[in-house]
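Okay, so here's the structure we're looking at.
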There are 2 protein chains.
Amino acid sequence: MKSRGMPTIGQRNRLQYIILGLLNQHPQTGYDLAKAFENEIGEFWQAQHSQIYPMLKRLEAAGEISHEDTVTGEKLAKKQYTLTSAGREKLVAWVSQPSPELTPSKDEFILKLYFIKTASDPRIQPMLREQYQLHQSQLHHLQQRQETVFPNQKAIDQAYGHYLILDHAIERESHYVEWLAQYLEK
Amino acid sequence: MKSRGMPTIGQRNRLQYIILGLLNQHPQTGYDLAKAFENEIGEFWQAQHSQIYPMLKRLEAAGEISHEDTVTGEKLAKKQYTLTSAGREKLVAWVSQPSPELTPSKDEFILKLYFIKTASDPRIQPMLREQYQLHQSQLHHLQQRQETVFPNQKAIDQAYGHYLILDHAIERESHYVEWLAQYLEK
DNA sequence: TTAAAACATGTAATTAATTACATGTTCGTT
DNA sequence: AACGAACATGTAATTAATTACATGTTTTAA
């Protein structure tokens, strides 16, 4: 009793919506999308090109995006994908839908701590220090990106969504670092 | 050039280690493990029983755990799994290993915000309110669990790992709620 | 000029994870 | 006595995601 006229793409598949959202910002190639998952989006969703290219085909087959072939230089072929009106509708519907589930998250390090039973175990402090360094350097990286990408209020207003996402990532890392510091012995 | 005498279980598979860690606390059944993924562990790792039972078989075949059949009441068969010394070694090795990667995380809601381009879009505030409620109630839930499970210092000392994990979850939710509140209009 | 990095696009194979299917027992409540 | 919730264990089917395979072009810096 699964399909009642539903499309082949599973309704829980969020990658498709994220791709639609990215293409709505401006037409892009699969390669560009893959870059976005490494950069601005990467803090909150990940996808490799091997997942992206097939999804672009599915979305195009479903009539939600279309592409135009362009050539760079002598013969390097690119496919610029654009949203169709059907795709835009689907995107709007997704954004408007409530998101009532807490996203499950995974943290291997925290679990390792969990399995160490006593507060005095000598392994704890080195582990905390390692994670502190890791998250501290990630925090620095994010902060530097914020400084270069959003040097003034105008830049923020022009890419508010991007600003929000980066701000959230910075806050999250910053708080993680503080939590670690709390259990670190000086 | 992939396998050079390596076991069939992929080395990145963390579920196996988590199961070893849980069994190290005390012998348990697959059902008990599934409960743990809904309760104390659930904030930082998830697994369904359909993933757990096959993994128990693989771990037993690899000689890292063993089981004892017990019967409850008239005929309800249970399998109590215990770590073998090989399993305990593997667990210790995992915990001791550095965890140098930032765990990728996914957040559908933050991405939806990202795709809304202007700060004045009327959809933003209702979305923020929905998430505020969601995370606020999750926070309450976690706080109540902390109160009941860890009413005093003695309880904390006796399950320090569990305390850490719950504390981290509470801090994370609490901070998420604060971040949302910052962008909420009163 | 040449080599490496970045650009660009795909498929195949494998592994992880979810959802659905499938069955039966025990305990607590009404 | 009957019913529902919780206990208990598995497999099958599907989907999502990663890793590996595979190929070629363009730009940039040494």
Side-chain angles (χ1 to χ4, degrees), chain A residues 1-3 6-19 27-39 41-42 45-61 67-81 101 103-106 108, chain B residues 1-3 6-19 27-39 41-42 45-61 67-81 101 103-106 108:
Chain A
M1 227 91 324
K2 187 197 175 178
S3 58
M6 279 292 106
T8 17
I9 299 180
Q11 58 274 60
R12 275 262 138 254
N13 182 336
R14 278 105 156 186
L15 176 60
Q16 60 179 327
Y17 300 112
I18 297 166
I19 289 177
Q28 292 180 74
T29 66
Y31 188 85
D32 295 329
L33 294 173
K35 285 280 137 182
F37 282 101
E38 284 171 17
N39 301 321
I41 293 291
W45 208 270
Q46 302 79 39
Q48 273 72 42
H49 74 274
S50 58
Q51 225 187 332
I52 293 166
Y53 288 116
M55 185 57 79
L56 287 169
K57 295 211 162 170
R58 284 164 75 186
L59 289 170
E60 187 163 42
H67 82 270
E68 202 182 324
D69 291 300
T70 61
V71 173
T72 305
E74 281 298 294
K75 45 179 157 173
L76 182 59
K78 282 193 202 187
K79 294 183 179 178
Q80 287 273 334
Y81 286 92
E101 330 85 25
T103 311
S105 74
K106 303 195 165 182
E108 190 179 8
Chain B
M1 229 90 320
K2 187 195 174 182
S3 57
M6 279 293 105
T8 17
I9 298 179
Q11 58 274 63
R12 275 262 138 255
N13 182 336
R14 279 105 155 185
L15 176 59
Q16 59 179 327
Y17 300 112
I18 298 166
I19 288 177
Q28 294 180 72
T29 66
Y31 187 87
D32 295 329
L33 294 172
K35 286 279 137 183
F37 283 101
E38 284 170 17
N39 302 321
I41 293 291
W45 208 272
Q46 302 79 40
Q48 272 71 42
H49 75 272
S50 58
Q51 226 187 331
I52 292 166
Y53 288 116
M55 184 58 79
L56 286 170
K57 296 211 161 171
R58 284 164 74 186
L59 289 170
E60 188 163 41
H67 83 268
E68 201 181 324
D69 290 300
T70 61
V71 173
T72 306
E74 283 297 293
K75 46 177 157 172
L76 182 58
K78 282 193 202 188
K79 293 182 178 176
Q80 288 272 334
Y81 285 93
E101 331 85 27
T103 312
S105 74
K106 303 196 166 182
E108 189 179 9

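Computed from a prediction, not measured in an experiment: that's the story for all the values here. Order of the sequence lines sets the chain letters (A, B, ...), proteins ahead of strands, with each chain counted from 1.
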Separation of D:dA16 atom P from A:K106 atom NZ, nearest Å, is 15 Å
Give a yes/no answer on whether the side chain of B:K75 brings an N or O atom under 4.0 Å of OP1 or OP2 in C:dT26.
no
Nearest whole Å is fine: how far is C:dA6 P from A:N39 CG?
12 Å
Below 4.0 Å: OP1/OP2 of C:dA6 and any side-chain N or O of A:K35:
no
List the steps, then state whether salt bridge (charged side-chain N to carboxylate O under 4.0 Å, His left out) holds for A:E38 with A:K35.
CA-CA 5 Å; A:E38 284 171 17; A:K35 285 280 137 182; 3.7 Å; yes
Name the closest nucleotide to the B:R58 side chain, picking from C:dA16, D:dT9, D:dT26.
C:dA16
Taking OP1 and OP2 of C:dT9, is either one under 4.0 Å from a side-chain nitrogen or oxygen of A:Y31?
no
Taken to the nearest whole Å, CD1/B:I52 to P/C:dA16 is 15 Å
Taking the side chain as every heavy atom from C-beta outward, state whether B:L15 and B:F37 have any pair of such atoms under 4.5 Å apart.
yes
Within the pair B:N13 and C:dT15, is there a side-chain N or O less than 4.0 Å away from OP1 or OP2?
no
Phosphate-side-chain proximity, A:K78 and D:dT25, N/O vs OP1/OP2 below 4.0 Å
no
OP1, OP2 of D:dT9 versus side-chain N and O of B:T29: anything below 4.0 Å?
yes
Using a cut-off of strictly less than 4.0 Å, decide whether A:Y53 has a side-chain nitrogen or oxygen near OP1 or OP2 of C:dT9.
yes
